[in-house]
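Below: one structure in structure tokens.
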Amino acid sequence: MPETSPVGGGASYAAAGVDIEAGDRAVELMKEWVKKATRPEVVGGLGGFAGLFDASVLKRYDRPLLASATDGVGTKVDIARRLGVYDTIGHDLVGMVVDDLVVCGAEPLFMTDYICVGKVYPERVAAIVKGIAEGCVLAGCALVGGETAEHPGLLGADDFDVAGAGTGVVEADRLLGAERIRPGDVAIAMESSGLHSNGYSLVRHVLFDRAGWSLDREVAEFGRTLGEELLEPTKIYALDCLALTRTAQVHAYSHITGGGLANNLARVIPDALHATIDRSTWTPDPVFDVVGRAGAVERAELEKTLNMGVGMIAIVPQESVDVALTTLADRGVDAWVAGEITERGDRAEAVTLTGDYAS
């Protein structure tokens, strides 16, 4: 008869590489941060099988539309892993999700997260959740739950990935989008905080594989190390955009993420209209020029991969420009008029970038 159990005793979850006790410890460590990322509508606390949100808040809407978005942070997690810094990557995750929600005018209500690791290190997982919770506070939404999954054998002990999903709500007659945009509207650009969380496969290939730079390299253009620059958290615009919709007439937003400014803006431009964006209205942060020079990357390639210094665009009518710029300035958001909306005519593309970046 063949042996039915290995020498040394039967198999166990721990022997397979899953540490339940470490997972429980991580939950205990993250509780204090999750408590800070809440709203009055949250029912119960951390530890249940599902997060609960009191939907009676929707009664104040005539026709509430729920908006949903999900995203991750891409290969930026590799920078966090290599630096051993885990409490900022959550800001990126929240920004990627909630700023997609706010594009349609939705107020972010709550988020859930999913953290996948090769091995649970409780302090590390708690640091990631800390960043997510802090991001939720900045976005005005609650973190109502999540999952930490340990995948030994599929991921290395230090490997991890994060993803999240969010839900928001918008009144049906205040839904923003392409159908509101008119000729003569103005594109207002909002400054990014750097690379945000997109294009890191290109950035890592250029700076690590081709240029051979290390994360502790001091880069004069940045005034700090390469690692510090690459780990700069994504700016979260949700509350700024919601404030803008209260003070000014906003027709649409475009969240500038993977694919660059032109491709993302094109997603909200109607078929009959065209957006012209003038590069000379802003100077991209040095990181974009450094990546371009280090890898001999052509401008067109940079522009279809990176945000080039613009993280969000608001499309507003001409008469709302002044109040829009004032509102954003009062909230500490660097914003400027970057272009205009016209009839498309015989042009095939929805968006054109003109001029050269200001030096």
Side-chain angles (χ1 to χ4, degrees), residues 67 69 91-92 94-108 134-141 168 170-171 174-178 180-182 184-198 232-257 260-262 264-265 267-269 275-285 287-288 306-341 351 353 357-358:
H91 287 236
D92 297 284
V94 176
M96 291 296 101
V97 173
V98 300
D99 288 339
D100 277 355
L101 292 175
V102 83
V103 161
C104 68
E107 175 190 0
E134 290 174 337
C136 285
V137 171
L138 292 174
C141 70
V170 59
E171 189 69 75
R174 302 194 67 180
L175 184 68
L176 304 181
R180 289 182 177 262
I181 298 177
R182 299 290 183 268
D185 282 354
V186 174
I188 293 178
M190 302 180 212
E191 186 179 41
S192 70
S193 57
L195 294 169
H196 284 186
S197 191
N198 302 108
E232 179 68 32
T234 299
K235 181 170 177 57
I236 298 173
Y237 300 94
L239 292 182
D240 302 314
C241 289
L242 292 174
L244 187 56
T245 60
R246 291 192 295 269
T247 62
Q249 187 179 160
V250 178
H251 288 165
Y253 288 115
S254 177
H255 186 197
I256 311 306
T257 57
L261 194 159
N264 281 285
L265 182 55
R267 295 165 68 179
V268 298
I269 302 299
T276 301
I277 301 297
D278 184 358
R279 298 185 187 94
S280 70
T281 60
W282 80 96
T283 303
D285 284 349
V287 65
F288 301 101
L306 308 177
N307 67 60
M308 299 305 291
V310 177
M312 182 74 76
I313 284 190
I315 305 296
V316 305
Q318 180 66 53
E319 60 269 23
S320 290
V321 170
D322 289 343
V323 67
L325 292 175
T326 298
T327 296
L328 293 171
D330 288 345
R331 297 185 60 83
V333 179
D334 190 1
W336 63 94
V337 172
E340 63 177 350
I341 308 298
V351 179
L353 303 182
Y357 295 111

Among V170, T245, I181, which residue satisfies the side-chain contact (heavy atoms from CB on, under 4.5 Å) criterion with L176?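 So, applying the side-chain contact (heavy atoms from CB on, under 4.5 Å) to L176 and each of V170, T245, I181, only T245 qualifies.
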Does any N or O in the side chain of W282 come within less than 3.5 Å of the main-chain N or O of M308, such that one atom is a donor and the other an acceptor?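 At least one qualifying donor-acceptor pair exists.
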Could you please spell out the steps behind the side-chain contact (heavy atoms from CB on, under 4.5 Å) verdict for M96 and N198? CA-CA 9 Å; M96 291 296 101; N198 302 108; 3.9 Å; yes
Close side-chain approach of W336 and V310, heavy atoms under 4.5 Å: yes
Answer whether the closest heavy-atom distance between the side chains of I313 and L261 falls below 4.5 Å.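 SC-SC contact between I313 and L261 confirmed.
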Indicate yes or no: at least one non-hydrogen side-chain atom of D240 is less than 4.5 angstrom from one of K235. yes
Do the ring planes of H255 and Y237 sit parallel (below 30°), tilted (30 to 60°) or perpendicular (above 60°)?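 Rings of H255 and Y237: perpendicular, as their planes differ by over 60°.
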Quick check: are there more than 12 heavy atoms from other residues, nucleotides or ligands sitting under 6.0 Å from CZ of R174? no
So, do V321 and L325 sit near enough that their side-chain heavy atoms are less than 4.5 Å apart? yes
How long is the gap from CG on L242 to CG on L101, to the nearest 0.5 Å? 10.0 Å
pair D99-Y253: side-chain heavy atoms closer than 4.5 Å: no
When you measure from the side chain of R180 to the backbone N and O of L175, does any donor-acceptor pair fall under 3.5 Å? yes
Can you tell me if D285 uses its side chain to pair, donor with acceptor, with the backbone of V287 under 3.5 Å?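 No, the answer is negative, given that no donor and acceptor are paired below the 3.5 Å cut-off.
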Atom CD in E134, atom CD1 in I236: separation rounded to 0.5 Å?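 The CD atom of E134 sits 10.0 Å away from the CD1 atom of I236.
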If I compare all heavy atoms of A106 with all of G168, which pair ends up nearest, and what's the gap? CB-C, 4.2 Å
Testing the basics here: between A69 and V97, what is the closest heavy-atom pair and its distance to 0.1 Å? O-CG1, 3.7 Å
Test item: H251 side-chain N/O and I315 main-chain N/O as donor-acceptor pair under 3.5 Å: no
Rounded to the nearest 0.5 Å, the CG atom of L244 sits from the CG atom of L328 at a distance of 5.0 Å
Keeping N264 on the side-chain end and S254 on the backbone end, is there a donor-acceptor pair under 3.5 Å? no
Does any part of the side chain of T326, heavy atoms only, come nearer than 4.5 Å to the side chain of D330, both counted from C-beta?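 D330 reaches T326 side chain to side chain.
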Using only atom types and a distance under 3.5 Å, with no angle test, would you say the side chain of S193 pairs donor to acceptor with the backbone of P233? yes
Mind running side-chain contact (heavy atoms from CB on, under 4.5 Å) on R246 and T327 for me, showing each step along the way? CA-CA 10 Å; R246 291 192 295 269; T327 296; over 6 Å; no
Could you tell me whether the side chain of I269 reaches within less than 4.5 Å of the side chain of I341, counting heavy atoms only? yes
Between atom CD of E171 and atom CD of E107, what is the distance when rounded to the nearest 0.5 Å? 12.0 Å
Ignoring hydrogens, what is the shortest heavy-atom contact between L239 and A139? Give both atom names and the distance. CD2-O, 3.6 Å
Heavy-atom pair of closest approach, residues G194 and F288: O-CZ, 3.4 Å
Side-chain touch L265/I277, heavy atoms, less than 4.5 angstrom: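 They are in side-chain contact.
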Walk me through whether V102 and M312 qualify under side-chain contact (heavy atoms from CB on, under 4.5 Å). CA-CA 10 Å; V102 83; M312 182 74 76; 4.1 Å; yes
Closest heavy-atom contact between D278 and S280? OD1-OG, 2.7 Å
Looking at every heavy atom in both H196 and G311, which two are closest together, and how far apart are they?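 Minimum heavy-atom contact is CE1-CA, 3.9 Å.
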Output, in order, the C-alpha distance, side-chain angles, deciding distance and verdict of side-chain contact (heavy atoms from CB on, under 4.5 Å) for I256 and S192. CA-CA 9 Å; I256 311 306; S192 70; over 6 Å; no
